[in-house]
Q: 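Mind looking over this structure? Questions follow.
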Amino acid sequence: HRQYRSLYLLDRSGAITLRVGDTPLRTLVHVPHGGGITTVNTSGRIPAIAAYAQVRAGKGKTRAAGVVLFGEIDVKALNLILPRPKLGSVWVTDGNEKVLAASVGYRAFQSLPGSGLTRLARATQGAPGTAGTATSAVHIVSSGPSVDAAAPLAKSGPTAHLGWHVVTAEPAAALQIPAVQAEQRTMLAGILGLAVGAACLGWLHVVVIRPLRAVAVLVERLAGGDR
């Protein structure tokens, strides 16, 4: 599966028992329950975003040594799906507003380019236990008015608990509207930010999570004695 840079099995202690592909980037060692998406590092040149799935023991068999299958996602594939017409620059950020993926000028774990975008991302955060909501604003930058938006990556599903955001910034001039009308585009910008989040979430499910679950099933069969 080309979307994964590294696949590996973890035992109950978090140790890697089997690996294929590149050397894992993980620096955070944990053995999660269930399945979903997580980050396994918090610094470095490349963010390690990983999908994971449980490997169940076959009927009548003892539990396999590797109990969780991890697939570290090639972040370049995620960067490629972010560019969208009329959205300008697009970023995916973690819960601390640090960049995980971007359509332009990408550098892992950097801050968003501008305090206005950071405040916008923080404004999407809801009360504890909630996913938050989309928001938008017009910011005045050196090049003129910029129509910006931020939205939670997901309100439900495997990424909702992560607190990730999608943030977009588009110069008002590129939208071919007078600066005085830019305020009227903020609602549309918020909707478009949500659309990018939905597209990103769909990509994670179809291209990342579903294939990993299929691999986990194969591992279960091998552990059960199938050849």
Q: Minimum heavy-atom separation for Thr39 to Trp164, with atom names?
A: CG2-CZ2, 3.3 Å

Q: With Ser115, which residues qualify under side chain to side chain donor-acceptor pair (under 3.5 Å), at least two apart?
A: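 Listed in chain order: Arg119.
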
Q: Do Leu18 and Val55 share a hydrophobic cluster (ILVMFWY, side-chain heavy atoms under 4.5 Å, transitive)?
A: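 Yes; tracing contacts between hydrophobic side chains, which count when under 4.5 Å, links both residues.
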
Q: What pairs of residues pass the salt bridge (charged side-chain N to carboxylate O under 4.0 Å, His left out) test when at least one of them lies in residues 138-147, not counting sequence neighbours?
A: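 Sorted result for residues 138-147: empty, none.
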
Q: Indicate the atoms forming the closest heavy-atom contact of Val141 with Ser146, along with that distance.
A: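 Closest approach of Val141 to Ser146: CG2-CB, 4.3 Å.
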
Q: Does the side chain of His165 pick up a donor-acceptor pair with the side chain of Thr93 at under 3.5 Å?
A: yes

Q: Distance from Leu100 atom CG to Ile49 atom CD1, nearest 0.5 Å?
A: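 Here the rounded value is 5.0 Å.
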
Q: Between Val40 and His30, which heavy-atom pair has the shortest distance, and what is it?
A: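 Taking Val40 first and His30 second, the nearest heavy atoms are CG1-CE1, 3.9 Å.
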
Q: Mark yes or no for whether Ser103, through its side chain, and Val90, through its backbone, hold a donor-acceptor pair below 3.5 Å.
A: yes

Q: Is there a donor-acceptor contact under 3.5 Å from the side chain of Arg107 to the main chain of Phe109?
A: no

Q: Give me the atom names and distance for the closest heavy-atom approach of Ser89 to Val104.
A: OG-CG2, 3.4 Å

Q: Using a strict cut-off of less than 4.0 Å between a Lys/Arg side-chain nitrogen and an Asp/Glu carboxylate oxygen, indicate whether Glu97 and Arg122 qualify as a salt bridge.
A: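 Salt bridge flag = yes for Arg122 with Glu97.
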
Q: Using side chain to side chain contact (heavy atoms under 4.5 Å, CB included) as the criterion, point out the one residue from Val75, Leu25, Thr23, Ile73 that pairs with Arg5.
A: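 Passing option: Leu25.
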
Q: Checking side chain to side chain contact (heavy atoms under 4.5 Å, CB included) against Pro24, which of Leu7, Asn41, Ile16 comes through?
A: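 With Pro24 as partner, Leu7, Asn41, Ile16 yield a single side chain to side chain contact (heavy atoms under 4.5 Å, CB included), made by Ile16.
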
Q: Check the orientation of Phe70 and Tyr8. Use parallel for under 30°, tilted for 30 to 60°, and perpendicular for over 60°.
A: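 The arrangement is parallel - the two ring planes meet at less than 30°.
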
Q: So, taking the atom named OH in Tyr4 and the one named CG in Leu69, what distance separates them when rounded to the nearest 0.5 Å?
A: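 Spacing of OH (Tyr4) from CG (Leu69) equals 8.0 Å.
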
